[in-house]
Amino acid sequence: MSRPVRVRFAPSPTGPLHIGGVRTALYNYLFARKMGGKMLLRIEDTDQNRFVPGAEEYIQEALKWIGIEIDEGQGPGGPHAPYRQSERKEIYQKEAQRLIDEGKAYYAFDTAEELDAMRKRLEEANAPAAQYNAITRMQMRNSLTMKPEEVKARMDAGDPFVIRLKTPRKEEVRLNDLIRGWVNVHSSAIDDKVLLKSDGLPTYHLANIVDDHLMEITHVIRGEEWLPSAPLHVLLYRYLGWEDTMPQFAHLPLLLKPEGNGKLSKRDADLGGFPIFPLQWTDPVTGVTARGFREDGYLPEATINFLALLGWNPGTEQELFTMDELIASFDLTQVHKAGARFDIQKAQWFNHQYIRLQPDAALAPTVQQQAEADGFNCSLEKAEKIAALLKGRVNFAHEIFTEAGTIFNAPTTYDEAIVTAKWNDDAKKAVAVFRDALQMFNGAFMADEIKHTLGDAMQQAGIKQGKIMQAMRLALTGSGAGPDLMLTMEIIGKEETLARLEKALTTLG
RNA sequence: GGCCGAUUCGUCUAGCGGUUAGGACAUCGCCCUUUCACGGCGGUAACACGGGUUCGAUUCCCGUAUCGGUCACCA
């Protein structure tokens, strides 16, 4: 009963991983680590029509970026390889055949047109549900209604067929979801799902159950969209004879649109101007690029912190968590049941928190690169100082350079409102006096020293420092607001400081 | 529409029969500051509705409403 915990993240490589998928992976990972278990990655590529080149690599890279380590599966490999479902075809076929042999599944030859006609007819007849089930299957073309010779003849002739589950007419299917508790569904609500498609590949339902069993998965943690088919899966475990080792289910609440109705979609991201994918993704067919959290400047630690708290809460008032802290406090039973609206503002706040905690040296390269891309000379040392000065003011690392505009660019214009309000005789005098004092100054050009020099100069000139500070800022940056002025002067250097003071004096008169 | 699930401030949530219904984001105000931010402090703001059960319901039960998911040879 107490088997070692093994969970899996099983995405389909049909495009970039949705941020909701990342959260599912994260919850699986947190649970695995918390329980001292293993995290597997399985690629569910049974739909050949939807296969997108590059998607699998994208998934690997995204998980790596976010800090989710795969213990076993596609990538690191393991004892249950292969971990790509398209390479496990025979395994599913064997199990499907077993179900046929045991009378729990049957062959069906219905064409798409015939199925459509059946559904349409049922709908028009006001049937409660237009499905292929215990009642309707007797009117369809399958091995239950056809003579064995005919079935064999069609198969020998190479006619396409599928294998369908022979769902019982009346049976109560119960399942105990770790998050939702008992969920009961009557088997009449489950239809005769296709298990094996006519191309010989399994559908999700079969492949999933077979693999989870073979890979000894103990907990299936997945999105709520799977809840309706969970009873079917229970039925499959039963029919396959694996019910005693059936994994426990935990269905996660979905991520909803920031506003309006429905689940979070790509369109919301475009409309709201925020990413919905962990990494940037360029569609191989259309060439259209979609933004990513990483490229938009979100730190992985901020992203997981944000995601972890979207639908789960440890019950304490802690907001900031490292991955290890998340692992330590994670508990599946504390996952919220209702869907969570996606609010990018909170993600930005988390990023702000982590940016200000970053060492200056970690932020410096970003600043330096941007500066150089804009044609400015910027040593790493200078970039580090700028990072220190501005990191507390921004949400993203790339905003530091933007905020540092007045450091790199000498003012070409001066804020009119500030000029009118503050550029008076005292201000002119103060700037001139300070310039003179600075010219005489030959110590280390550091913020503290500059502050003293300014203070002394103002005192000697009989000017109240507080009255002229904004004018001083205006002279140096052209603006009335900005980061600490002394540090700003230290960073731009003595020569540039003097030049700017001089220029203000001549320009503003 | 059938089935399944959900419902606490605008948003993410705590709460698991008795609370001034707590925290965070956002918002507003104050303080700090040479300014703008940051930060600190504080304010506004919620138990969907109706019945039960109970001495007492946000909490338990039943309806209603609303929202979400799902009804493919897609996952």
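The chains referred to below are lettered A, B, ... by the order of the sequence lines, with proteins before strands, and numbering in each begins at 1.
Under the 30°/60° scheme for interplanar angles, the aromatic rings of H205(A) and W226(A) are found to stand perpendicular.
Among the protein residues, H251(A) comes within range of no part of the nucleic acid, since none of its heavy atoms lies under 4.0 Å from any strand. G262(A) comes within 4.0 angstrom of the backbone, heavy atoms only, and of no base. Residue-level contact check: D191(A) touches neither bases nor backbone, having no heavy atom under 4.0 Å from any strand. No contact: D415(A) has no heavy atom under 4.0 Å from any strand. Nucleic acid contact for P202(A): sugar-phosphate only, since backbone atoms but no base atoms lie under 4.0 Å from a heavy atom of the residue. Base engagement by R50(A) is indicated by at least one non-hydrogen atom pair under 4.0 Å involving a base atom. Nucleic acid contact class of R222(A) (heavy atoms, under 4.0 Å, all strands): none. At a threshold of 4.0 angstrom between heavy atoms, the contacts of L485(A) include nucleobase atoms, whether or not backbone atoms are also involved. Residue-level contact check: V162(A) touches the bases, meaning some heavy atom is under 4.0 Å from a base atom. At a threshold of 4.0 angstrom between heavy atoms, the contacts of A481(A) include nucleobase atoms, whether or not backbone atoms are also involved. Backbone-only contact: T46(A) has heavy atoms under 4.0 Å from sugar-phosphate atoms and none from a base. K193(A) comes within 4.0 angstrom of no nucleic acid atom, judged by non-hydrogen atoms across all strands.
Using Watson-Crick or G-U wobble geometry with both donor-acceptor distances under 3.5 Å, A6(B) finds its partner in U66(B).
The residue from Y354(A), W349(A), Y298(A), F342(A) that alone fulfils the ring-ring contact (aromatic ring centres under 6.0 Å, His included) condition with F306(A) is F342(A).
Salt bridge status for D192(A) with R164(A): absent, with no side-chain N to carboxylate O gap under 4.0 Å. Taking the charged nitrogens against the carboxylate oxygens, E171(A) and R238(A) do have a contact shorter than 4.0 Å, which makes a salt bridge.
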field: W312(A) vs Y27(A), ring-ring contact (aromatic ring centres under 6.0 Å, His included): CA-CA, chis, key distance, verdict
entry: CA-CA 9 Å; W312(A) 167 79; Y27(A) 281 16; 7.0 Å; no
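Between the P atoms of C61(B) and A6(B), the separation comes to 11 Å (whole Å).
A close approach under 4.0 Å does not occur between any side-chain nitrogen or oxygen of K337(A) and OP1 or OP2 of C4(B).
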